[in-house]
Amino acid sequence: MTYNIDDTVKLRSWDDLAKEFGEDNQGDIKIGEGWAFRSNKHCYGHLATIMERANFNHRETYLIRTWDGHLMTVNIAEIDCVTGTVQNEAVHPILTFADLYSMV
């Protein structure tokens, strides 16, 4: 699946990624040629905005702005398939930090 600039997506939960790909002895997750780093663990399971899209090592890679304002690079395997009306409903104009925080 390809996402577009300014699409709102939801990052997969850390536990879901760890279950599929496993964690190394540092607690990081290797996903193909890329990594999900334990230091970004708090960002997973939340909404994010696609800022840029690129192909890196023949895989779709995205620069995203996370719910807490940080920028990070993720690949397609790290994003939940949030599409159509579900995605539009996720972009609620009065969504607050407390709403996102309570999702964990």
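Given the structure is predicted, the values throughout are model-derived calculations rather than measurements. In this chain, numbering begins with 1 at the start of the sequence shown. What's counted below: heavy atoms across the whole structure, side chains too, no hydrogens, waters or symmetry copies.
To the nearest 0.5 Å, atom CG of residue Asp28 and atom CG of residue Leu17 are 12.0 Å apart. One distance of note links NZ of Lys41 with CD1 of Ile29; it measures 8.0 Å at 0.5 Å rounding. Rounding to the nearest 0.5 angstrom, the gap separating the CD1 atom in Ile64 from the CG atom in Leu47 is 10.5 Å. Separation of atoms CH2 (Trp67) and NZ (Lys10) is listed at 13.0 Å; rounding is to 0.5 Å. Residue Glu52 holds its CD atom at 6.5 Å from CD1 of Ile5, rounded to the nearest 0.5 Å. Note that the CG atom of Asp7 and the OH atom of Tyr62 stand 8.5 Å from one another [nearest 0.5 Å].
The hydrophobic clustering, which links ILVMFWY residues whose side-chain heavy atoms are closer than 4.5 Å, places Val74 and Ile31 together. Residues Leu11 and Leu63 are members of separate hydrophobic clusters, defined by side-chain heavy-atom contacts under 4.5 angstrom among Ile, Leu, Val, Met, Phe, Trp and Tyr.
A donor-acceptor pair under 3.5 Å is absent between the side-chain atoms of Arg65 and the main chain of Met51, judged by distance alone. A donor-acceptor pair is defined here as one N or O able to donate and one able to accept, closer than 3.5 Å; such a pair exists between the side chain of Arg12 and the backbone of Ala77.
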**Study point:** Verdict with supporting geometry, Asp15 and Tyr44, side-chain contact (heavy atoms from CB on, under 4.5 Å)
**Key:** CA-CA 9 Å; Asp15 292 340; Tyr44 288 86; over 6 Å; no
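Contact of the Asp24 side chain with the Lys30 side chain is not registered, since no non-hydrogen atoms from C-beta on lie closer than 4.5 Å. A 4.5 Å side-chain heavy-atom check between Met72 and Thr66 finds at least one atom pair inside the cut-off. Put simply, the side chain of Phe21 does not reach to within 4.5 Å of the side chain of Glu78, judged on heavy atoms. Contact of the Asn40 side chain with the His70 side chain is not registered, since no non-hydrogen atoms from C-beta on lie closer than 4.5 Å. Between Ile79 and Ile50, some side-chain heavy-atom pair lies under the 4.5 Å cut-off.
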